[in-house]
Amino acid sequence: MRLLLVLLLTLLAGTGSVPVREGTAHPARKVVMDRYLPEGDPVASVVVCPGGSYHWLDLDAEGAKVGQWLADNGIAAYVLHYRVAGVPSFITHYRLLLRGRRHPDMICDLQRAIRLVREEQTGPVGVMGFSAGGHLVLSAGEFAGTDFNRDGSPDGGSLRPDFIAAIYPVVTLTDERYVHKRSRKGLLGETSRIPMRDSLSLERHVPADMPPVFLLNCTDDPIVDWHNSVLMDSALTAAGVPHRYVRYQRGGHGFGADPAKMGPETGAWQNEFLEWFQQWKNDYDHD
């Protein structure tokens, strides 16, 4: 009885895990979305992609805390547990012999998640990603015309997110001055599949119909070189894509929505995003 009560309260709170790959050719049982719903009707929905170098996922600062913050601000959040290479691939080179998990597994999961959220919600659907998750959500915008799953849509809905938020994202896989090699290895494998480096270097492939982008990072980022976001900002500008680039001097990397990890500057990023989002939503509603 107590277990049933806990399950009932979870459902009433609007949370719970949603299977993402159920019924597909690659079920991947652990690929789920944690649902965070606002009390009233959501003004929009966001699929959240935590970072972790494409090897693991930060499901706290860049996952649960982000989901709850968005829900508290009227936005339905779906924190995606997408497939990653895993810790064994970080400490060994087993993928020289076995495929393991690598591209396009990650974007397959995100595209499927976008479709399922569109099936569940009626409003606009955006994506928000952190670090390697930032690379993933930007990829969803750039490559929305390609169905990586090749299994059709549950509802015939679009793969293109309505907006993108990329927070201290990995961007380039080719510029050796700035590339985050651990993320590149996690995404592409031990040999980093040289022909794929250009294809997935996001600064090189921004389409004119890229969704609007909110981009943010810090110049003292010790993990992902801050020039990654500069490259993305320049590419978006050249393609005429509406976007806002916020760069702080101090704040580092990995703060997500965890107040304990934020500094004086990065503590303002959530309000920066909400202000940008509100302007975007006003424009969206009047189109």
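Just so you know, residue 1 is the first one in the sequence shown, and it goes up from there.
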List for me each residue that meets salt bridge (Lys or Arg N to Asp or Glu O under 4.0 Å) alongside [X], sequence neighbours excluded, and say none if there are none.
| X | result |
| --- | --- |
| R182 | none |
| D175 | R177 |
| R204 | D198 |

*Are Y245 and V213 close enough that some pair of their side-chain heavy atoms sits under 4.5 Å apart?*
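Heavy-atom side-chain distance check fails, nothing below 4.5 Å.
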Restricting to side chain to side chain contact (heavy atoms under 4.5 Å, CB included), what partner residues turn up for [X], sequence neighbours left out?
| X | value |
| --- | --- |
| R99 | R102, P104, D105 |
| P42 | P38, A76, Q121 |
| V32 | S17, D34, H81 |

*Do any pairs count as a salt bridge (Lys or Arg N to Asp or Glu O under 4.0 Å) and have a residue in residues 205-222, sequence neighbours left out, and if so which ones?*
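Listed once each, the pairs would be none.
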*Not counting sequence neighbours, list each pair that qualifies as a salt bridge (Lys or Arg N to Asp or Glu O under 4.0 Å) and has a residue in residues 251-267.*
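Every candidate salt bridge (Lys or Arg N to Asp or Glu O under 4.0 Å) pair involving residues 251-267 fails, so no pair, neighbours aside, qualifies.
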*Any donor-acceptor pair under 3.5 Å linking the side chain of Y168 with the backbone of G256?*
yes
_With N228 via side chain to side chain donor-acceptor pair (under 3.5 Å) - residues at least two apart_ =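 Not a single residue meets the side chain to side chain donor-acceptor pair (under 3.5 Å) criterion with N228.
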*Who are the side chain to side chain donor-acceptor pair (under 3.5 Å) partners of N73, not counting sequence neighbours?*
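Result, side chain to side chain donor-acceptor pair (under 3.5 Å) vs N73: none returned.
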Report all side-chain donor-acceptor pairs from residues 126-135 shorter than 3.5 Å, counting only partners two or more places apart or in another chain.
residue: S131; atom: OG; partner: H253; partner atom: NE2; Å: 3.0
residue: H135; atom: ND1; partner: Y54; partner atom: OH; Å: 2.9
residue: H135; atom: NE2; partner: L200; partner atom: O; Å: 2.9

*Sequence-distant partners of F90, ring-ring contact (aromatic ring centres under 6.0 Å, His included), two or more places apart*: H55, W56
*Enter the distance from L110:CG to L136:CG here, rounded to the nearest 0.5 Å.*
4.5 Å
